[in-house]
Amino acid sequence: MDKAYEPAAIEQRLYREWEASGRFVPAAAGTPYCIMIPPPNVTGTLHMGHAFQDTIMDALTRYHRMRGDATLWQMGTDHAGIATQMVVERQLNAAGETRAGLGREAFLKRVWEWKAQSGGTISQQLRRLGASVDWQRERFTMDEGLSQSVTEVFVRLHEEGLIYRGKRLVNWDPVLLTALSDLEVLATEEEGHLWHLRYPLEDGSGHLVVATTRPETLLGDSAVAVHPEDERYRALLGKRVRLPLTDRLIPIIADDFVDREFGSGSVKITPAHDFTDNEVGQRHNLPLINIFTPDARLNENVPQALRGLTREQARERVLAELESAGLIERIDKHKLMVPRGDRSGAILEPLLTDQWYVRIAPLAEPAIAAVKSGQIKFVPENWSKTYFEWMNNIRDWCISRQLWWGHQIPAWYDADGNVYVARSEAEALMQARRKTGREVTLTRDADVLDTWFSSALWPFSTLGWPDQNADLARFYPGNVLVTGFDIIFFWVARMIMFGLKFMGDVPFREVYVHGLVRDGEGQKMSKSKGNVIDPLDIVDGITLEALLQKRTTGLMQPHLAPAIDKATRKQFPNGIEAHGTDALRFTFAALATQSRDIRFELGRVAGYRNFCNKLWNAARFVTMMTTDKPVAPPGTVSASVVDRWILSRLREAILATDEGFAGYRFDMAATALYEFTWHEFCDWYLELAKPVLQGDDVEAAAATRRTLLTVLETLLRALHPIMPFITEEIWLRIAPAASVGGDTIMTAPWPEARRLRADADAAQDVDWMKGVILALRQIRGEMDISPARKLSPLAQGATAGDIERFTRYEALLGRLAGIDELRVLAPGETPPASAASVVGDMTLHVPMQGLIDPAVELTRLKRKQEKNQQEITRARAKLENPNFVNHAPPEVVVTERERIAQFEKVNASLARQIEIVQGLVVN
RNA sequence: GGGCGGUUAGCUCAGUGGUAGAGCAUUGCUUUCACACGGCAAGGGUCACAGGUUCAAAUCCUGUACCGCCCACCA
């Protein structure tokens with residue numbers, strides 16, 4: 001074995017072997033365990049969020065696979081309608097072409113080409129992470145089977161009246177020229193103005209002042225509203241105002257939605273361009289005057305001179321005209337929420353259009369019940385509140401998009417505008433024939449469905465639905481959905497609704513909601529912030545030059561490049577070192593707390609890379625110690641206390657790991673394994689094993705070799721779900737020596753804690769040993785005694801038990817504490833001038849003999865005494881409080897009494913020593 | 001406006017009634033035959049603040065401050 005762990009040398013080789021030998025395919029037998037991957041964008045690349053999420057899903061999958069479950073981690077990719085279309089369109093534009101110029105068919109061909117070209121990236125990246133997905137079942141939301149599912153769902157929902165077409169106000173993106181759902185609207189707080197405008201009264205008796213943030217929409221006003229009980233305006237009710245810039249007279253109406261305190265207390269009503277106003281308009285039967293074209297320019301419904309102006313130009317012109325007519329009363333600065341498209345960033349315009357909607361309330365009801373009843377459990381549980389909050393106020397879902405890339409809506413129109421929703425054009429024609437009694441020509445609806453529509457079907461469409469097949473029966477419902485809280489509404493809620501509707505059962509039993517990966521400063525990682533880290537660059541390493549190149553090219557805002565360049569140079573002056581996949585994965589596991597924000601710091605990965613190296617070297621040591629040497633046969637019951645202790649500790653580590661996996665506390669599983677590996681197995685067990693391995697007792701050495709192999713082999717299996725590569729590499733080397741069969745650790749059984757024995761007695765002995773060793777090490781460390789220098793300590797006040805243990809563990813203590821010879825003082829015998837430390841009932845003395853500076857020892861003792869005294873004071877106060885003694889559980893009181901007794905013993909010893917050493921210092 | 005989080009060592013975070021923890025960073029010693037990506041030792045915290053409940057509060061309750069996220073029709 002190499003001296004240092006070299007991940008690059010093994011990872012890809014092992015993965016290829018796993019994949020080639022079909023290790024990711026679900027076992028024929030076993031309890032089904034299924035996780036559906038949140039499908040990444042087919043043309044996308046792996047980012048930190050994916051890497052984090054996929055690590056967790058893979059760890060769960062590997063854990064269950066080792067436990068004998070028939071695991072299916074279903075892989076697939078998403079067509080990501082708007083995102084993908086935008087990318088291809090940008091490429092076209094860069095090449096001087098346009099989507100419109102190309103036409104629908106040719107454009108779609110380009111998108112498919114782009115998919116073919118870049119579609120493999122994310123899959124290759126997933127492989128680098130060690131993801132044990134079943135590649136043979138990989139699906140794509142727009143492949144034939146899934147498209148069929150989409151059509152089937154659409155048709156069935158339409159038949160039930162749960163999908164309808166309607167002309168309503170929608171969130172319209174004037175740049176992308178498509179409708180969006182409410183969820184795709186980002187409300188951003190922006191600085192704006194509140195203009196107080198004068199609307200002249202029809203009778204010439206003055207004017208009414210309205211306050212607005214969007215003066216340009218005045219052109220579409222069809223009323224002015226005031227609160228019915230507002231005394232200021234009561235006399236005006238029923239009168240009309242003359243709308244400036246137009247010749248229209250519009251009524252002054254009363255509606256109690258108006259806030260009297262805000263602005264002027266009087267609101268202009270624009271039913272065609274504002275959601276609230278639209279509702280008011282419906283209540284009062286106001287006409288809708290649409291003043292915008294799809295790209296948000298003024299249309300033919302405004303005065304000739306203004307037509308064709310953009311919203312911005314329109315605002316300027318309207319304000320200028322009002323100003324010159326003396327109709328602006330006041331302009332206030334005002335913060336307002338501006339709705340922007342989550343993809344384009346464009347300010348959205350509420351626009352009256354024909355769209356398809358899902359009538360969602362009937363679907364939401366059982367979905368709410370499923371979570372309430374515990375059929376689906378959110379982890380952490382608190383997220384169910386967020387879910388309920390949204391589900392209880394859910395609104396119909398606009399599912400049509402005016403895009404080309406996506407599932408085209410299965411609806412056809414005849415010349416008279418009749419609509420036929422069908423599984424195919426042939427079926428639509430039949431419907432048309434039946435309805436009209438003649439042959440008609442049909443035109444298919446040009447729109448496509450919201451990407452999330454197909455995503456909602458993911459848990460069953462991937463398994464072949466609407467075919468009722470064995471896979472569907474076996475793997476639906478899945479066990480857990482692993483996802484970020486940002487898509488609870490977009491995706492989780494919709495899968496639950498559609499799963500219940502079409503499968504009659506929930507799509508998964510648990511939803512594990514993890515936090516979002518951010519950079520070290522807690523900032524969201526984004527290209528424009530220049531703080532993106534490619535997970536594979538952490539795995540493989542990257543030079544500063546290449547990193548700068550990645551971060552500063554292809555920016556939407558190229559002017560940010562210099563700042564990004566500078567920040568990157570500062571943060572990574574030498575680029576990023578290679579850490580290997582396992583270190584990255586372990587980091588993600590350790591970061592998987594219940595927190596919403598996961599701050600990612602490279603230092604953490606470096607720490608876990610060191611951990612890999614530690615494990616590697618421990619294995620190297622075990623190999624060297626066991627190769628070509630006698631090893632006790634497997635199943636030998638080791639007589640060694642130390643052996644029984646480490647096996648007992650291993651048991652506890654595995655229990656903690658099991659608990660971590662069961663409760664989605666991967667941080668705790670990772671910590672338990674780290675702690676055991678480094679601080680129990682390496683720091684103590686290997687050190688305690690050395691004297692035995694090198695000692696004269698051949699049988700004891702053989703038994704210890706067996707334990708070394710057993711613990712390491714078991715530990716590797718316990719670590720495997722989180723760190724698949726290094727564990728496999730080591731396991732393949734040592735499994736035969738450990739008398740374990742199998743060609744891969746992947747399908748080796750998960751270690752069962754119940755097969756390991758808890759041994760409290762062994763733990764007591766080892767704790768005693770540690771106490772003695774630590775006490776002497778402390779003196780050595782603080783007194784700056786060279787590690788090479790052996791000590792000859794004296795034990796004062798040793799009990800019979802202590803003496804017996806000194807004899808039994810002489811060799812171990814000698815090696816680990818650097819003891820030359822230890823002597824037990826007779827009762828009453830006075831030790832020479834020494835540094836001292838209390839262990840249990842006895843005090844260990846290290847004679848000064850010119851080694852120890854009394855002044856330094858005095859300082860050390862006094863510091864100890866002070867700390868000890870604090871504890872005594874606190875414990876005494878407790879015990880002197882009768883309420884504590886009377887009310888606290890008896891065992892707590894007993895513990896407290898024992899503590900204080902121990903402290904006082906230590907204190908007495910310290911006081912004695914201080915007196916002695918004090919004398920030496922004075923002289 | 002409504003809802004949900006967070007505030008613990010220099011940094012990043014666990015801990016959720018009974019002796020304040022980890023990793024990284026810091027300091028000293030150490031190149032000893034698994035590992036310097038190492039070993040040994042040390043320093044470092046009135047657990048945001050104020051009340052309350054309790055024998056006992058970082059932990060439970062109430063309030064305050066600051067930070068953050070989500071939802072929402074104050075134009």
Side-chain angles (χ1 to χ4, degrees), chain A residues 1 3-5 182 187 194 210-214 217 225 257-270 274-280 334 336-337 382-383 385-386 388-390 393 485-486 488-489 516 520 522 577 579 583 587 590-591 593-604 606-625 665 667-668 671 674-675 679 682-683 686-687 690 694 774 777-788 818 860 863 871 874-875 878 881-889 891-893 895-896 899 903:
Chain A
M1 285 174 84
K3 189 172 172 184
Y5 175 57
D182 296 337
L194 191 59
V210 301
T212 181
T213 54
R214 296 199 61 193
T217 62
F257 97 95
V258 179
D259 180 352
R260 279 170 280 183
E261 309 297 318
F262 188 86
S264 62
S266 133
V267 192
K268 60 195 268 321
I269 303 297
T270 320
D274 183 280
F275 289 99
T276 312
D277 291 5
N278 189 264
E279 286 173 29
V280 177
H334 181 65
L336 69 158
M337 299 303 276
N382 221 259
W383 287 109
K385 282 190 189 170
T386 306
F388 289 134
E389 184 83 2
W390 188 67
N393 300 297
F485 58 80
D486 51 334
I488 289 179
F489 307 146
L516 266 31
E577 283 181 54
H579 295 84
T587 307
L591 288 175
T593 65
Q594 300 207 332
S595 164
R596 293 184 177 194
D597 293 334
I598 295 158
R599 293 201 192 195
F600 189 89
E601 290 178 305
L602 262 187
R604 199 87 192 242
Y608 293 124
R609 177 202 52 193
N610 297 354
F611 176 62
C612 289
N613 193 57
K614 189 78 180 174
L615 178 65
W616 180 260
N617 276 286
R620 203 158 71 95
F621 175 72
V622 172
T623 307
M624 291 186 325
M625 288 301 134
R665 288 302 304 264
D667 57 328
M668 293 184 162
T671 305
Y674 180 96
E675 179 70 21
H679 299 307
C682 292
D683 284 354
L686 295 187
E687 295 308 319
K690 283 173 187 176
Q694 293 158 3
L774 290 172
R777 276 183 186 169
Q778 192 178 43
I779 291 173
R780 190 191 285 281
E782 295 206 26
M783 297 300 131
D784 270 355
I785 300 171
S786 156
R860 190 183 73 95
R863 203 174 60 225
E871 292 295 336
R874 205 185 329 175
K878 255 188 177 178
N881 179 356
N883 284 328
F884 172 70
V885 181
N886 295 332
H887 290 95
E891 64 272 19
V892 173
V893 178
T895 310
E896 203 61 31
R899 280 188 70 217
F903 284 131

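Bear in mind the structure is a predicted one, so any value in this text is a computation, not a measurement. Just so it is clear: chains get the letters A, B, ... in the order the sequence lines come, proteins before strands, and each one is counted from 1.
- Within the structure, a side-chain polar atom (N or O) of A:R599 is placed less than 4.0 Å from OP1 or OP2 of B:U12.
- A:V622 comes within 4.0 angstrom of no nucleic acid atom, judged by non-hydrogen atoms across all strands.
- Using a 4.0 Å heavy-atom criterion, one finds that A:T386 contacts no nucleic acid atom at all.
- In terms of phosphate contacts, A:H334 brings a side-chain nitrogen or oxygen within less than 4.0 Å of OP1 or OP2 of B:A75.
- Nucleic acid contact for A:R863: sugar-phosphate only, since backbone atoms but no base atoms lie under 4.0 Å from a heavy atom of the residue.
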Here RNA chain B, pairs taken as Watson-Crick or G-U under 3.5 Å and shown with ( ), [ ] when crossing and | when to another strand, reads ((((((((.[[[[.)..(..]]]].(((((.......))))).....[[[[[..)....]]]]])))))))....
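- For a distance-only test at 3.5 Å, the side chain of A:E687 qualifies as a donor-acceptor partner of the base of B:A34.
- Within 4.0 Å (heavy atoms only), A:M1 reaches no atom of the nucleic acid at all.
- Minimum atom distance to the side chain of A:L336 is reached by B:A75, of the listed B:G68, B:A75, B:A34.
- Among the atoms of the strands shown, only primed sugar atoms or phosphate atoms (P, OP1, OP2) are found under 4.0 Å from some heavy atom of A:R874.
- Map A:D667 and A:Y674 each onto its nearest nucleotide of RNA chain B; the residue landing nearer the 5' end is A:D667.
- Base engagement by A:D259 is indicated by at least one non-hydrogen atom pair under 4.0 Å involving a base atom.
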